S.K.: 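Mind having a look at this structure? Questions to follow.
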Number of protein chains: 2
Amino acid sequence: MSMVTTMEKTLLDCEQYIEEALAEHATAQCPPLLAQALNYAVFPGGARVRPQLCKAVALANNSSDVGLANAAATAVEFLHCASLVHDDLPCFDDATQRRGKPSVHAKFGERIAVLTGDALIVAAFQTLSAHAVQAVRAERVHLVTTIVARGVGAPHGICAGQAWECEQRVDLSRYHRAKTGALFVAATCAGAAAAGVDPGPWVNLGASIGEAYQVADDIKDAVSDPDALGKPTGIDVKLDRPSAVRELGLDGAVARLKECLEAGLDSMPACAGHDMLQKLVRAQASRFVPEKIAQVAA
Amino acid sequence: MSMVTTMEKTLLDCEQYIEEALAEHATAQCPPLLAQALNYAVFPGGARVRPQLCKAVALANNSSDVGLANAAATAVEFLHCASLVHDDLPCFDDATQRRGKPSVHAKFGERIAVLTGDALIVAAFQTLSAHAVQAVRAERVHLVTTIVARGVGAPHGICAGQAWECEQRVDLSRYHRAKTGALFVAATCAGAAAAGVDPGPWVNLGASIGEAYQVADDIKDAVSDPDALGKPTGIDVKLDRPSAVRELGLDGAVARLKECLEAGLDSMPACAGHDMLQKLVRAQASRFVPEKIAQVAA
């Protein structure tokens with residue numbers, strides 16, 4: 001952990017960029033409830049795994065345009081927050097808790113929750129286009145935007161992932177790739193693209209971390225208690241949803257998590273910050289599952 | 001009407017571009033219900049007033065990049081369709097009919113309706129970034145994207161407009177400007193920006209048409225019968241919503257509609273296609289209120 005401290009400190013700047021970008025939307029002219037809900041949905045954040053990953057890949061590739069890396073990271077995080085807000089809605093998970101506090105619809109009502117998600121999606125793309133004005137290479141912004149959009153829209157992004165939940169027949173792997181993997185892939189590839197590097201070789205890292213994260217989520221849903229996690233658990237069984245724990249058992253799921261992570265790390269392309277990035281990903285992944293649960297499973 | 005026929009024919013190409021752009025998202029890999037709902041939400045379209053206006057402004061300014069004008073028009077229409085789908089949701093208008101058929105949530109369920117709106121918002125921005133690759137002037141795409149995003153997000157776009165409905169105290173003018181006007185402003189300004197023209201002088205035309213459209217909508221809600229309109233009426237009174245008819249009476253509302261339109265036309269900046277554009281706007285506006293209602297009001 002100590003070896004990534006300097007990089008982690010740099011990455012914290014992400015938070016300031018996220019704050020500044022959201023402040024452009026939750027202004028004094030914004031309807032007050034919407035402005036409050038936008039801030040409530042984004043702050044305080046979770047682990048910010050995706051934006052940190054995005055920015056870390058950009059920095060590991062010696063990005064000369066840190067502003068674009070920040071904008072890409074912020075867009076990815078806004079889209080993640082939007083998906084959480086909509087995913088918690090009564091028609092989906094009907095979750096009244098998120099990050100240890102009432103979910104957005106529980107606190108502000110369903111209408112504001114729908115609009116908060118919508119406004120965050122728009123804010124994500126507006127953040128990217130706003131950066132383009134001062135971008136070192138304007139054409140990079142378009143590639144980053146396309147990559148980020150693919151991670152959230154149809155046919156392969158988060159929206160598609162959630163839509164697979166509405167189908168009678170679901171391919172579990174395709175479902176997880178879209179619902180969770182796609183935004184991690186967007187994070188690594190957008191980071192690479194922001195640095196002017198071919199994003200293709202960075203797909204596997206994002207996909208693997210995404211799969212590990214999804215498996216960790218299934219594990220937490222199956223064995224954690226709601227207070228420790230800050231949101232309801234046991235949802236997968238309750239909603240009869242596919243889950244790695246239901247498919248592989250707890251030990252099998254923990255083994256799968258580790259396999260995914262190692263496969264991702266092995267696939268990491270050569271770059272200036274290769275070792276540092278590996279350490280960062282390991283440090284991030286060690287927090288995917290609370291220590292108590294990791295011990296229970298071990 | 002006959003004098004704008006050639007231009008109108010050109011504008012119809014918009015439809016083909018909308019079809020092609022949506023086909024990129026509603027693919028064979030897309031979850032089938034989501035793919036069906038995306039097509040259902042966009043086709044058959046309404047009057048396509050906003051995208052035609054967008055493209056008309058670009059053409060009237062001798063746009064050399066018709067592809068960008070088409071992309072901008074398509075983005076505006078996707079965002080309009082997204083707002084309709086979300087606006088019809090049970091937590092908002094709870095409308096079961098739209099364009100003479102079941103609304104998206106009535107037909108596909110609430111979850112698919114939320115996701116359809118989300119995916120259309122993403123598709124709008126992806127359409128613009130995809131065009132940027134082949135754009136004559138890549139930097140124009142960023143300006144168009146920023147303009148379009150402002151028209152739909154917070155603090156001044158459609159999301160903000162709908163969020164004003166959730167507030168106890170509402171400034172009627174600010175509410176309408178955001179809920180309806182903002183996307184018309186985005187249409188005219190994005191059209192101008194796509195043509196490389198300063199969008200500032202095109203704000204008033206969009207705002208005025210938007211206000212006229214909103215007043216027409218209030219008139220239809222107050223006096224039309226649901227069958228003729230293809231959606232429920234009497235919603236404003238039912239939901240105790242501000243409305244030009246409730247504020248000014250029917251005759252007053254019809255007078256306001258005409259004033260708005262003329263003010264918008266007067267404000268139109270000089271451009272090569274000035275006269276043709278004026279005729280097109282008048283032709284569009286003549287369809288804002290069904291003839292039968294216009295006669296009732298007269």
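No experiment lies behind these values; they were computed from the predicted model shown. Below, chain A is the first sequence line, B the second, and so on; all start at residue 1.
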S.K.: In chain order, what residues pass the side chain to side chain contact (heavy atoms under 4.5 Å, CB included) check against B:A119, with sequence neighbours excluded?
M.R.: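 Only A:A154, A:C159, B:L38 meet the side chain to side chain contact (heavy atoms under 4.5 Å, CB included) criterion with B:A119.
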S.K.: Which residues in residues 174-189 of chain A have a heavy atom less than 4.5 Å from any heavy atom of chain B?
M.R.: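 Contacts with chain B: A:R174.
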S.K.: Under 4.5 Å from any heavy atom of chain A, what part of B:A130 do you find: side chain, backbone, both or neither?
M.R.: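 Looking at B:A130, just its backbone touches chain A.
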S.K.: Measuring heavy-atom distances to chain A, does B:L89 have an atom under 4.5 Å in its side chain, in its backbone, in both, or in neither?
M.R.: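 Only the side chain of B:L89 comes within 4.5 Å of chain A.
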S.K.: CD of A:E165 to CZ of B:R111: how many Å apart, nearest 0.5 Å?
M.R.: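 A:E165 atom CD to B:R111 atom CZ measures 6.5 Å (nearest 0.5 Å).
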S.K.: Between B:H86 and A:H86, what is the ring plane arrangement, given parallel below 30°, perpendicular above 60°, and tilted in between?
M.R.: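 If you compare the ring of B:H86 with that of A:H86, the planes turn out perpendicular.
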S.K.: If contact means a heavy atom pair closer than 4.5 Å, which residues of residues 23-34 of chain A contact chain B?
M.R.: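 Within residues 23-34 of chain A, near chain B: A:E24, A:H25, A:T27, A:Q29, A:C30, A:P31, A:P32, A:L33, A:L34.
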S.K.: Closest heavy-atom contact between B:V122 and A:A149?
M.R.: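 Scanning both residues, the minimum pair turns out to be CG1-O, 3.4 Å.
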S.K.: Checking B:H131 against A:H142: is there a side-chain donor and acceptor pair closer than 3.5 Å?
M.R.: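 A:H142 vs B:H131: no donor-acceptor pair found between side chains.
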S.K.: Residues in side-chain hydrogen bond (donor to acceptor under 3.5 Å, both in side chains) with A:E20, at least two apart?
M.R.: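 Result, side-chain hydrogen bond (donor to acceptor under 3.5 Å, both in side chains) vs A:E20: A:Q16.
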S.K.: Tell me, with the steps shown, if B:V148 and A:F125 meet side chain to side chain contact (heavy atoms under 4.5 Å, CB included).
M.R.: CA-CA 10 Å; B:V148 169; A:F125 293 104; over 6 Å; no
S.K.: Rounded to the nearest 0.5 Å, how far apart are CG of B:D118 and CG of A:D118?
M.R.: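 Result: 5.5 Å between the selected atoms.
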S.K.: Quick one: of A:G153, A:A82, A:A113, who has the most non-hydrogen atom pairs under 4.5 Å with chain B?
M.R.: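 Top option by heavy-atom pairs under 4.5 Å: A:G153.
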S.K.: To the nearest 0.5 Å, what is the distance between CG (A:L115) and SG (B:C91)?
M.R.: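 Reported value, rounded in 0.5 Å steps: 8.0 Å.
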